Amino acid sequence: MSFENILNCVVSMLLTLAAPAAIGMGGAALVVRLTGRRQAKVDGRIYPINTRFGYSALEMKEYWSALQAEGRAAELRFLAADYVYTIVLGATMIGSLAWRLHHVPEWPFVLVVFLAVVSDCIEDALQRGQIRKYPFEQSGGMPEHIPVASFATQCKLVLYFLGFLMLACLACPLALPKALAMLLSFAPALAGMTGRIG
């Protein structure tokens, strides 16, 4: 394969990834800024917790306690805005590839992005519902449904990673062998995900 073909493929991949990457990073920072979301440090660990690969009900309670009243109010605003951000990110991923291919992307890619958006929205909905019940007096002092929210977070992180990987591969087929190797390296973690819920 010639250098020109490789260069064209790489340029195509970068152009296709540009808009989703900009929304993914810049959009997230903008939502945090507009909603006044705060970070909290519990036991030496920096939160927010929704970017961690799994968390317990106790960790969620410690996080929300550390935020205090104003921080929890900002977290509610952030989770509400995250619905919009998530949908925009998913639409941008699909639209970017459609622009590159000049047709609707293959259904497996659309399905992965759709499931990522759904997982993100489930995570937001469950967390919003529980923050409103703080300090959880009716549930024995602990938030409910956190194993499900944690599983949704895990699914979200894995599916968005997979979606961006598929986006790069479909935009540049030369990236496919490396992508397959990366997926195989993540297989043990993916296989263990279902055991974390419950």
Side-chain angles (χ1 to χ4, degrees), residues 1 3-39 46-55 74-75 77-124 127 150-187 189-190 193:
M1 186 168 291
F3 174 77
E4 183 179 355
N5 288 338
I6 295 174
L7 181 61
N8 288 337
C9 189
V10 171
V11 170
S12 173
M13 179 176 65
L14 292 176
L15 289 174
T16 306
L17 289 171
I23 294 294
M25 293 181 289
L30 180 62
V31 170
V32 168
R33 184 177 181 85
L34 291 177
T35 59
R37 192 188 198 196
R38 302 178 181 182
Q39 289 187 336
I46 297 293
Y47 290 72
I49 204 166
N50 67 316
T51 56
R52 288 178 51 195
F53 197 77
Y55 42 83
E75 189 74 3
R77 292 194 298 270
F78 169 82
L79 291 170
D82 195 47
Y83 287 124
V84 178
Y85 163 75
T86 297
I87 293 171
V88 171
L89 176 59
T92 303
M93 292 175 71
I94 294 172
S96 180
L97 188 60
W99 166 80
R100 168 66 183 84
L101 299 176
H102 305 293
H103 62 75
V104 176
E106 287 77 0
W107 70 264
F109 172 75
V110 176
L111 179 62
V112 165
V113 175
F114 173 76
L115 291 176
V117 171
V118 170
S119 298
D120 206 344
C121 290
I122 290 173
E123 172 200 52
D124 292 340
Q127 290 190 17
S150 175
F151 184 68
T153 301
Q154 292 172 326
C155 291
K156 171 193 77 172
L157 295 173
V158 170
L159 289 167
Y160 273 130
F161 170 79
L162 182 58
F164 273 95
L165 196 62
M166 293 176 70
L167 185 60
C169 292
L170 291 170
C172 177
L174 292 178
L176 184 58
K178 287 188 176 182
L180 290 175
M182 289 178 67
L183 285 177
L184 290 175
S185 70
F186 277 91
L190 295 176
M193 269 181 52

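Quick caveat, the model's predicted, so the values are computed rather than measured. Computed from heavy atoms alone, side chains included, the values below leave out hydrogens, waters and symmetry copies.
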What are the two closest non-hydrogen atoms of [X] and [Y], and how far apart are they?
X: Val117; Y: Gly90; result: CG2-CA, 4.0 Å
X: Ala171; Y: Met13; result: CB-CA, 3.9 Å
X: Val110; Y: Pro105; result: CG2-O, 3.9 Å
X: Tyr85; Y: Val31; result: CB-CG2, 4.0 Å

Do the non-hydrogen side-chain atoms of [X] and [Y] ever get within less than 4.5 Å of each other?
X: Tyr83; Y: Asp120; answer: no
X: Tyr160; Y: Thr86; answer: yes
X: Glu106; Y: Leu101; answer: yes
X: Phe114; Y: Ile94; answer: no

Nearest 0.5 Å, please: how far is [atom2] in [Y] from [atom1] in [X]?
X: Asp82; Y: Cys121; atom1: CG; atom2: SG; answer: 7.5 Å
X: Phe161; Y: Met166; atom1: CZ; atom2: CE; answer: 12.0 Å
X: Arg77; Y: Glu75; atom1: CZ; atom2: CD; answer: 10.0 Å
X: Leu162; Y: Leu167; atom1: CG; atom2: CG; answer: 11.0 Å
X: Asp124; Y: Thr153; atom1: CG; atom2: OG1; answer: 8.5 Å

Per-pair distances, 0.1 Å, donor-acceptor, side chain in residues 17-24, under 3.5 Å, sequence neighbours excluded:
none

Do Phe53 and Val158 pass the side chain to side chain contact (heavy atoms under 4.5 Å, CB included) test, and can you show the C-alpha distance, the side-chain angles, and the key distance before you say yes or no? CA-CA 9 Å; Phe53 197 77; Val158 170; 3.6 Å; yes
Verdict with supporting geometry, Phe164 and Met93, side chain to side chain contact (heavy atoms under 4.5 Å, CB included): CA-CA 8 Å; Phe164 273 95; Met93 292 175 71; 3.8 Å; yes
Would a distance-only check, ignoring hydrogens and angles, find a side-chain to backbone donor-acceptor pair under 3.5 Å from Arg100 to Thr16?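 No: the side chain of Arg100 does not pair with the backbone of Thr16.
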Ser119 side-chain N/O to Cys155 backbone N/O, donor-acceptor pair under 3.5 Å: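 Side chain of Ser119 to backbone of Cys155, a donor-acceptor pair under 3.5 Å: no, none is there.
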